[in-house]
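Here is the structure we will look at, set down as structure tokens.
Positions are given from 1 along the sequence.
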Amino acid sequence: MSQPSSLSAGPQRPDRTSALAAAHAAMDLAVEYVLRHPPRQIRYKGDRDPVSDVDDTVEQLIRQRLTSGDATEVGFLGEETGAIGNRDTYWVLDPIDGTINHQHGNPLCAIALGLVHHEQPVLGVTALPFLGHRYSATEGQGAFRDDEPITASSADRLDKALIGFSDYGSGNDTGLRDVLCASLDHAITARAQGLRRFGSSVLDLVWVADGTLDACVLLGNRTWDTAAGAVIACEAGALVLDSDTSPHSAGSRCTIATSPGLRDDLMPLLQLLWVTRFWPSRDQTSRGSVADAPPDGSGPTSSGDTPNSSPAIT
């Protein structure tokens, strides 16, 4: 199906009403497919990094629904098939976030569809098919779960806060990431009421949006994982930040969503990420750091958790 013409990607932002309707229609197809088809074929992109036939089919369904043949008006970036079309305004999809959970029959997985305009997520629709919930938001219009308004937590003490946390690394993304995850795990666990790893960044973000979690700390910023959830969490009243407390965008190095009241206690713990690829290089440069070429070779272009500032859309 061709892209609705009202989603023009010129100087003006895409029309929110048309975009949201298109996203929900595409998500309807995806959820129906996922509920009817368990994963049967698994391949691996890398060490412990599976892709199922369901991932592939969902991405194909949504991509075909949302893009025209040349995707000249609005581009498309999918985790499994890459990117086409407009570099400034594009749909971004994670067809199944939490593929390992899904593969094992664990219901904690999600489908995330976002719309990015000039590096900023402006719309998000996320479905949790096996939990029966759908979250959505458009910039400036609030956030919703199953069409009901949601708000983020009002927590203001770490010792009363439940926090979601990144997975450790796999494949090439071990070493530095595992060391940093272990250090942050220890620092947050010593202060928070609880720290949880659910195996889905998408889930973490929407659970911050509805108050199930008080915050989440995600090392990395793969656009398909974070775009939809970032705008949903932000519209629900959470702060969505990079590791240096700057506002989150498609170019951020990390994705931290938190209740406003936890910001001053939580964010200083992320200082241990400084002078690594998980800290914005603009800040490292101002401090005289050589962060773009860390000594372990794990620079900003070396791993699957590399932030996507401007995905290569061809």
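Scanning both residues, Val31 and Ala127, for their nearest heavy atoms gives CG2-CB, 3.5 Å. When every heavy atom of Val58 is checked against every heavy atom of Leu93, the shortest pair comes out as O-CD2, 4.4 Å. Contact detail for Ala250 and Val116: the closest heavy-atom pair is CB-CG1, 4.4 Å. Counting all heavy atoms, side chain and backbone alike, Thr223 lies closest to Tyr90 at CG2-OH, 4.2 Å. Of all heavy-atom pairs between Pro129 and Ala110, the closest is CD-CA, 4.3 Å. Between Ile42 and Pro39, the shortest heavy-atom distance links the atoms CD1-CB, 4.4 Å.
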Would Cys254 and Leu273 count as a side-chain contact (heavy atoms from CB on, under 4.5 Å) if you check the C-alpha gap in whole Å, the side-chain angles of each, and the deciding distance to 0.1 Å? CA-CA 10 Å; Cys254 289; Leu273 300 177; 4.0 Å; yes
Given the rule in the side-chain contact (heavy atoms from CB on, under 4.5 Å) test, do Leu123 and Glu139 qualify, once you have shown the distances and angles that lead to the verdict? CA-CA 6 Å; Leu123 177 152; Glu139 188 179 44; over 6 Å; no
The test is side-chain contact (heavy atoms from CB on, under 4.5 Å); show your working for Leu269 and Val217 and say whether it passes. CA-CA 11 Å; Leu269 302 179; Val217 175; over 6 Å; no
Worked verdict on His102 versus Phe130 for ring pair (Phe, Tyr, Trp, His ring centres under 6.0 Å): CA-CA 10 Å; His102 186 218; Phe130 301 105; 5.7 Å; yes
Steps toward side-chain contact (heavy atoms from CB on, under 4.5 Å) verdict (Trp207, Tyr135): CA-CA 10 Å; Trp207 277 358; Tyr135 297 77; 3.7 Å; yes
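Using modelled atom types, one finds a donor on one side chain and an acceptor on the other under 3.5 Å when comparing Asp214 with Ser153.
At most 12 heavy atoms of other shown residues, nucleotides or ligands fall within 6.0 angstrom of atom CG in Asp147. Within 6.0 Å of the NE2 atom in His186, the count of heavy atoms belonging to other residues, nucleotides or ligands does not exceed 12.
Hydrophobic clustering places Val275 together with Leu180 (ILVMFWY residues linked when any side-chain heavy atoms are closer than 4.5 Å, directly or through intermediates). Note on Phe76: it clusters hydrophobically with Val125, by side-chain heavy-atom contacts below 4.5 Å among ILVMFWY residues. Hydrophobic clustering of Ile, Leu, Val, Met, Phe, Trp and Tyr side chains at less than 4.5 Å, counting indirect connections, keeps Ile62 apart from Val202. Taking hydrophobic clusters as Ile, Leu, Val, Met, Phe, Trp and Tyr residues chained together by side-chain heavy-atom distances below 4.5 Å, Phe165 shares a cluster with Leu270. By the rule that hydrophobic residues join a cluster once side-chain heavy atoms approach within less than 4.5 Å of another member, Trp279 and Leu266 end up as members of one cluster.
Of the possible donor and acceptor atoms, one in the side chain of Arg177 sits under 3.5 Å from a partner among the backbone N and O of Asp167. Checking side-chain atoms of Arg63 against main-chain N and O of Gly78 turns up no donor-acceptor pair under 3.5 Å. Between the side chain of Ser252 and the main chain of Ser249, a donor-acceptor pair closer than 3.5 Å is present. The main-chain N or O of Ser201 is never found under 3.5 Å from a side-chain atom of Asp225 such that the two would form a donor-acceptor pair. In this structure, Arg263 contributes its side chain and Ser259 its backbone to no donor-acceptor pair below 3.5 Å. Formation of a donor-acceptor pair under 3.5 Å by the Thr258 side chain with backbone atoms of Leu239 is not found in this model. When atom types are taken as modelled, the side chain of Glu59 and the backbone of Glu80 share a donor-acceptor pair closer than 3.5 angstrom. A donor-acceptor pair under 3.5 Å is formed between the side chain of Glu235 and the backbone N or O of Gly142.
The OG atom of Ser52 sits 9.5 Å away from the CD atom of Gln41 when rounded to the nearest 0.5 Å. Rounding to the nearest 0.5 Å gives a distance of 11.0 Å between CG of Asp204 and OG1 of Thr212. Here the CG atom belonging to Leu184 is positioned 10.0 Å from the CZ atom belonging to Phe278, to the nearest 0.5 angstrom. Ile96 contributes atom CD1, which lies 10.0 Å from atom CG of Asp53 (distance to the nearest 0.5 angstrom). Rounding to the nearest 0.5 Å places OH of Tyr33 at 9.0 Å from CD of Gln60. The distance from atom CD1 of Ile188 to atom CG of Asp265, rounded to the nearest 0.5 Å, is 12.0 Å.
Residues forming a ring-ring contact (aromatic ring centres under 6.0 Å, His included) with Phe144 (at least two apart in sequence, or on another chain): none. Among residues two or more places apart in sequence or in another chain, the ring-ring contact (aromatic ring centres under 6.0 Å, His included) test is passed with His248 by none.
The side-chain heavy atoms of Asn86 and Val74, taken from C-beta on, include no pair separated by under 4.5 Å. Residues Ile111 and Asp94 have side chains not in contact (no heavy-atom distance under 4.5 Å, counting atoms from C-beta outward). Taking 4.5 Å as the limit, some side-chain heavy atom of Leu205 sits within range of a side-chain heavy atom of Cys216. Counting only heavy atoms from C-beta outward, the side chains of Arg191 and Asp159 never approach each other to under 4.5 Å. With contacts defined as side-chain heavy-atom distances shorter than 4.5 Å, the pair Ile100/Pro50 qualifies. At a threshold of 4.5 Å between non-hydrogen side-chain atoms, the residues Asp55 and Thr99 count as touching. In this structure the side chain of Leu108 never reaches within 4.5 angstrom of the side chain of Ser200, judged on heavy atoms. In this structure the side chain of Ser243 reaches within 4.5 angstrom of the side chain of Pro280, judged on heavy atoms.
Look at Asp242 and Arg253 and you find no salt bridge, because none of the NZ, NE, NH1 or NH2 atoms lies under 4.0 Å from a carboxylate O. Salt bridge present: Arg197 and Asp185 bring a charged side-chain N and a carboxylate O closer than 4.0 Å. Between Arg134 and Asp28 there is a salt bridge, since a side-chain N of the basic residue sits under 4.0 Å from a carboxylate O of the acidic one.
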